[in-house]
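In what follows, a single structure is set out as structure tokens and then discussed.
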Protein chains: 2
Amino acid sequence: MAKSTTPTKAAAVRQRGVTMSDVAKYAGVSRTAVSFVLSNRENASISEETRTRINDAVQALGYRPNAGARALASQRSDWYGIVTEIVTAPFAVDIIKGAQDQAWLDRRFLLIAPSDQADAVGPNQGLEDAAIEKLLEQRVEGLLYAATYHRAVHVPESAHEVPTVLINCFDADGKLPSIVPDERAGGRIAVERLLQAGHSRIGVINLDPHIPAAVGRLKGAREALAGAGLELDPELVVSGHATADGGYEAACEILDRYPKQDRPTALFCLNDRMAMGAYDAIKERGLTIPGDIAVIGFDNQELIAAYLRPKLTTVALPFEKMGALGVQTLAALTAGQPITADQQLVDCPLLERSSV
Amino acid sequence: MAKSTTPTKAAAVRQRGVTMSDVAKYAGVSRTAVSFVLSNRENASISEETRTRINDAVQALGYRPNAGARALASQRSDWYGIVTEIVTAPFAVDIIKGAQDQAWLDRRFLLIAPSDQADAVGPNQGLEDAAIEKLLEQRVEGLLYAATYHRAVHVPESAHEVPTVLINCFDADGKLPSIVPDERAGGRIAVERLLQAGHSRIGVINLDPHIPAAVGRLKGAREALAGAGLELDPELVVSGHATADGGYEAACEILDRYPKQDRPTALFCLNDRMAMGAYDAIKERGLTIPGDIAVIGFDNQELIAAYLRPKLTTVALPFEKMGALGVQTLAALTAGQPITADQQLVDCPLLERSSV
DNA sequence: CTCTGCATAGACAACGTTGTCAACGACGGG
DNA sequence: CCCGTCGTTGACAACGTTGTCTATGCAGAG
């Protein structure tokens, strides 16, 4: 600390560019000494006194190391890049949050670049390549590639030049490590919850049956039923658009198809928006939730799940955790761990609210 | 373009660090020439042939300029920093999206750093300072400072070292330029819409009356009424928590206080979550929307407004636009425009849906 | 009183650019 | 045939670090 001058004042005085030499001069020591102290290298022997003298000088002058110069000289940067369509379609923002927090803990910086992958091949294919190119120009040490919904992706060639980890998606070419939600376990836990509540005839409002989310969640549902000695009645599985309207229609179909005694007593909706529609269908028929029909969702889209009446019990997608794990994995890779195409599954926790 | 070798192959061959000299050697020209072409400086005279030869070499070698070195040498960087609590509380993500898109257009990079401002002074005050510090170490040319909800903020000292623009908040010390939503015009347009639909007795579900959003929106509401020769009945303004429950309670109070003929025929809810609660209160009383009571919201929180039944007419907060405008303003400042504490107001457009 | 080792200094070469300059060969016009 | 211009070159000094190496002053041990 400079004795009486406030740091503010010193900062104001400073004109562009206090360098290491300035610090050295001010402290009356050599540049070498300053460099040693600042990057506290081990093999250096510096007396406690010089050390504090240098630190004081840093404070007094408001010295700020030039990250670019440092990266240039040391051939390392503290940066990771994340390229994601989440910037353009902010459904899974929590991935960024998780990654950002973890990066911050690791004292690293996240450069966020936009992507318009949206659907694999598109008019904006160029944007994504350009984004990665820009990131590589900044000499990021690794890349994170995140999608808004769980699916296979084709990663641009250039991403292979540095360690790359996929989040909420996986490599169609099977070369890169990825981190995805454990859809199967999620499906299982959802249906187990329904079974535990005494339901044995369970309707499923399915997504497009080809996407990984649907495949996994359904598989989990079957496992749960099998565990109770039951089977999934294919007639009770209805697919619909992944929207409230889609859910509404699917629910109508299931509810109207059977006489009361054969009607399912619970609905497993493969996402919360569809559950929202299902709510309407159920209420419209004068039925109550969860009294007549229990409903369980998937995704935990806060604004929906927490505000529906009754509040929706659902399985959460662990976006934040995936983001954090992505950074950790990347850290391991950049530290030299061999790159494999491992897929890490992250748990989807059940959030109990009031619809079961 | 390399004639037959695919760019892929070339890229794979390349081992860390193709430099400008490599390009020069490959193209059989001088480094100077390459530098001229790549930064296409005006005063250079380079023949078309050399130019293409150099570009080809760049392609063939997969040369990628080192952004750090460039910044070091030219004393300029292509980076802006944005520090925001939006990373931690992703309500207004669209600010980031807008800023990112605009930055991309300007061929600039946005470094996004987290903040926990949450409430001005807190245990995490340090995080924000550290974030700005980190950003300055990267030698960003300007800073954007964004909040999740419109309010006054205290910006850390160090932010004054480079041009700084506030988004969705303004400087409590009145020194920095800011970009905020035009709450007043928004309030006016909302109430005008109700008036236009024939309502003259309008209830207002207010936020905490001290926050800028409430002040501005109410003022706008009064102006609209005045324009129609009416006044705002203070009894019809009820404040509540900014939640669905808060809106529910406030709506109950307004609806139950009067006999049918004196009851307001429309509710202006100062945010969508409160409107969501108001919907419940209205429906509970057997009233219809918009038949018996028209409802208009504010914020346009998509997941709510677009999924309520009937869909909610609301005034949108122009997050994306503010983000973009922030970057544009910053560009002007870094280009040398003098820094003033101007506050730019951005329009809040009315989104017509079905609740009026 | 010399030897050893510690704390520091000073020099220098990288790192990959930008930017400025002086200079050169070739070519066309006068 | 000389001169100016065009297209280009090569040299060099920045930029702010890291990293490595040799030198040096000084204290304490033998």
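Source: prediction; values computed, not measured. Naming convention: chains lettered A, B, ... in sequence-line order (proteins, then strands); numbering from 1 in each chain.
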Taking only the side-chain nitrogens and oxygens of [X], find out if one of them lies under 4.0 Å from OP1 or OP2 of [N].
X: B:Ser47; N: D:dT8; answer: yes
X: B:Thr32; N: C:dG19; answer: no
X: A:Ser21; N: D:dG16; answer: no

Practice problem: With DNA chain D as reference, determine whether B:Glu49 or B:Leu72 sits nearer its 5' end, using the nearest nucleotide of each. | Solution: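 Looking at the nearest nucleotide for each, B:Glu49 comes out on the 5' side.
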
Quiz item: What about A:Ser30, does its side chain sit under 3.5 Å from the base of C:dG10 through a donor-acceptor pair?
Solution: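 No, no donor-acceptor pair under 3.5 Å.
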
Quiz item: Do A:Thr19 side-chain and D:dG16 base share a donor-acceptor contact under 3.5 Å?
Solution: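 For A:Thr19, whose side chain was compared with the base of D:dG16, there is no donor-acceptor pair (under 3.5 Å).
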
Whole Å only: how far is the [atom1] atom of [X] from the [atom2] atom of [N]?
X: A:Gln75; N: D:dT20; atom1: CD; atom2: P; result: 13 Å
X: A:Phe36; N: C:dA7; atom1: CZ; atom2: C1'; result: 11 Å
X: B:Ile46; N: D:dT8; atom1: CD1; atom2: P; result: 6 Å
X: A:Arg64; N: D:dG16; atom1: CZ; atom2: C1'; result: 15 Å
X: A:Lys25; N: C:dT8; atom1: NZ; atom2: P; result: 20 Å
X: B:Arg139; N: D:dG16; atom1: CZ; atom2: P; result: 8 Å
X: B:Arg31; N: D:dG7; atom1: CZ; atom2: C1'; result: 19 Å

Quiz item: Hey, is A:Glu320 close enough to A:Lys97 for a salt bridge, meaning N to O under 4.0 Å?
Solution: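 Yes, charged N to carboxylate O under 4.0 Å.
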
Practice problem: Step through the shown structure and confirm whether more than 12 heavy atoms of other residues, nucleotides or ligands are within 6.0 Å of NZ on A:Lys321. | Solution: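 No, because the 6.0 Å sphere around NZ of A:Lys321 holds 12 heavy atoms or fewer from other groups.
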
Practice problem: Go through the side-chain N and O atoms of A:Asn55 and A:Gln59 and say whether any donor and acceptor fall under 3.5 Å apart. | Solution: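 Side-chain D/A pair, A:Asn55 to A:Gln59: absent.
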
